[in-house]
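First the structure, in the form of structure tokens, and then the observations on it.
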2 protein chains.
Amino acid sequence: MPRPRAAEAAETPRRIRSAAISLFAERGFHGTGIRDIATQAGVTLSSLYHHFGSKDDLLVDIMFTSTAPLKRAADAAYQALDTPCRRLAMLIEQHVWEHVTDRLAKIVSDTEVRALSGERRDRVVSLRDSYENVWRTTVEEGVATGVFTVSHPKALTIGLLEMCTAVSHWFQPSGDLTLLELCHTYADGGLALVRAAQEDRPVRRADLEIGEPTRFLLG
Amino acid sequence: MPRPRAAEAAETPRRIRSAAISLFAERGFHGTGIRDIATQAGVTLSSLYHHFGSKDDLLVDIMFTSTAPLKRAADAAYQALDTPCRRLAMLIEQHVWEHVTDRLAKIVSDTEVRALSGERRDRVVSLRDSYENVWRTTVEEGVATGVFTVSHPKALTIGLLEMCTAVSHWFQPSGDLTLLELCHTYADGGLALVRAAQEDRPVRRADLEIGEPTRFLLG
DNA sequence: GTCTATAAGGTGATAGAC
DNA sequence: GTCTATCACCTTATAGAC
């Protein structure tokens, strides 16, 4: 018994998208030819253009397909959990989890925004901003209630986000460190980070008397 | 009185390098044409090829010129300071300082390694590894002496490094937050991070009962 | 050291048959 | 929906005069 035609038809764009993701992640958007994608997907050039209007459209499609689930999960977690600590921990763990399980698409989403321009770029940036706003809101509410103590919340929040994003570039699960352990470790790290200005913290920069950062840089 | 000829001659490659840095940072290596660089530097195409053997050579030159001072400063700081806390704080502050004051070259160094291959790539990666080894060694010594308490040192060290690297992409000095304050804030953040598994830390992931990261992701 | 001119091949995208 | 063939352009790099 043959598969339904609709399922067969939907298979081709999926293969094209998958081929584009791995090539864009490895060589970059401008480093990848439209022919390379077609070849790796096992279709001809014209077939590719039948499913995607342009190379730019293909990139936008990849970015939305990659970012939208993360935004949905962030909204769901924010709604379901009830304290800044719980929300931030879950945001961190979801972000890390997705950036490992869907790592190639995440690399493309996080490095190739600059390849877009105009309205296409605006839509992608807008979705990413709405996702990051969940993080920012969570941190701000933690600072407002006093459970987070950090001297410059915005700076550390974006730093924390980038730290979690970067797992796409280096992490490989092993016996030493599974993906789940990585998520837990980064959640604890993030919670420590947003309390970095706690008064009674034992090790603080100001007590070290190390001078300023330019001390070994100039000359 | 005219300038010395040597200084005039050395000015042209400097202008070429500067033009290439800003274009590679903005559009990426493959998104930048060799003609764009020549035009922005105010020289002809052949003049560019007289100073740099190829587009790849130009990229390698940029990466070495950008990374070498950071490695030198890291070695100097490691030698001059005497505890893991002091060394790590200074490594963080130097890294952040350089990634802001020389931000375009750092963006190129950090995102375009994939554009290289073969021996050129090996040399660049080798220099970067030797720099990161100073960080790794510092964290390991802190763990060995017990002043750093972190469940997975490698994972948090590379995360911390990426967090500091990312300042190139977003930070702009302002009245709210100067570059020096950013350096200090990140040093304190880093010190909090490498003590994230401290037994008596008040807010810990395990106490939050939030479930696992897939809770809001599947379905 | 810098120039003009050009080689040699890759690029995104389309036309039109089947 | 998929194919072959092709257009118009852009790319890195080099040749050879001055």
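All heavy atoms count here, side chains included; hydrogens, waters and symmetry mates do not. Keep in mind that what you see is a predicted model, and the values were worked out from it rather than measured.
Looking only at side-chain heavy atoms (C-beta outward), Glu212(B) and Leu180(A) come within less than 4.5 Å of each other. Between Val134(B) and Lys71(B), some side-chain heavy-atom pair lies under the 4.5 Å cut-off. Considering only heavy atoms from C-beta on, Asp61(A) stays 4.5 Å or farther from Asp57(A) through its side chain.
Per the geometry, CD1 belonging to Ile37(A) stands 11 Å off P belonging to dT11(C), to the nearest Å. dT6(D) atom P lies 19 Å from atom OH of Tyr49(A), rounded to whole Å. For Lys55(B) and dG10(C), the NZ to P distance is 15 Å, given to the nearest whole Å. One can place CG of Leu59(A) at 15 Å from C1' of dG12(C), the figure rounded to the nearest angstrom. Protein atom CG of Asp57(B) is 13 Å distant from nucleotide atom C1' of dA13(D), rounded to whole Å. We find that NE2 of His50(A) is positioned 15 Å from C1' of dG16(C), with the value rounded to whole Å. If you measure from atom CD1 of Ile34(B) to atom P of dT14(D), you get 11 Å, rounded to the nearest angstrom. Taking atom CG of residue Leu48(A) and atom C1' of nucleotide dT11(C), one finds them 14 Å apart after rounding to whole Å.
Within 3.5 Å, a donor on the side chain of Arg35(A) pairs with an acceptor on the base of dG12(C), or the reverse.
Side-chain atoms of Glu141(B) and Tyr78(B) include a donor-acceptor pair closer than 3.5 Å.
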Check the interface with nucleotides 3-5 of chain C: list each N/O to N/O pair with the protein under 3.5 Å, or write none.
from: dC3(C); atom 1: OP2; to: Thr44(B); atom 2: N; distance (Å): 3.0
from: dC3(C); atom 1: OP2; to: Thr44(B); atom 2: OG1; distance (Å): 2.3
from: dC3(C); atom 1: N4; to: Ser46(B); atom 2: OG; distance (Å): 3.1
from: dT4(C); atom 1: O4; to: Ser46(B); atom 2: OG; distance (Å): 2.4

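Nearest heavy atoms, Leu116(B) versus Val124(B): CD1-CG2, 3.9 Å.
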### Task
Any chance you could lay out the side-chain contact (heavy atoms from CB on, under 4.5 Å) test for Arg205(A) and Glu93(B), step after step, and finish with the verdict?
CA-CA 10 Å; Arg205(A) 193 254 175 222; Glu93(B) 298 197 358; 2.4 Å; yes
### Task
Check the pair Thr111(A) / Arg114(B) against side-chain contact (heavy atoms from CB on, under 4.5 Å), numbers first and verdict last.
CA-CA 12 Å; Thr111(A) 59; Arg114(B) 68 181 170 193; 4.2 Å; yes
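With hydrogens and angles disregarded, a donor-acceptor distance shorter than 3.5 Å links the side chain of Asp36(A) to the backbone of Gly33(A).
Listed in residue order, the members of residues 25-33 of chain B having a heavy atom less than 4.0 Å from DNA chain D are Thr32(B), Gly33(B).
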Could you pull out all donor-acceptor pairs under 3.5 Å where a side-chain atom in residues 162-171 of chain B meets a protein atom, sequence neighbours excluded?
from: Thr165(B); atom 1: OG1; to: His95(B); atom 2: NE2; distance (Å): 2.9
from: Thr165(B); atom 1: OG1; to: Leu161(B); atom 2: O; distance (Å): 2.9
from: Ser168(B); atom 1: OG; to: His99(B); atom 2: O; distance (Å): 2.7

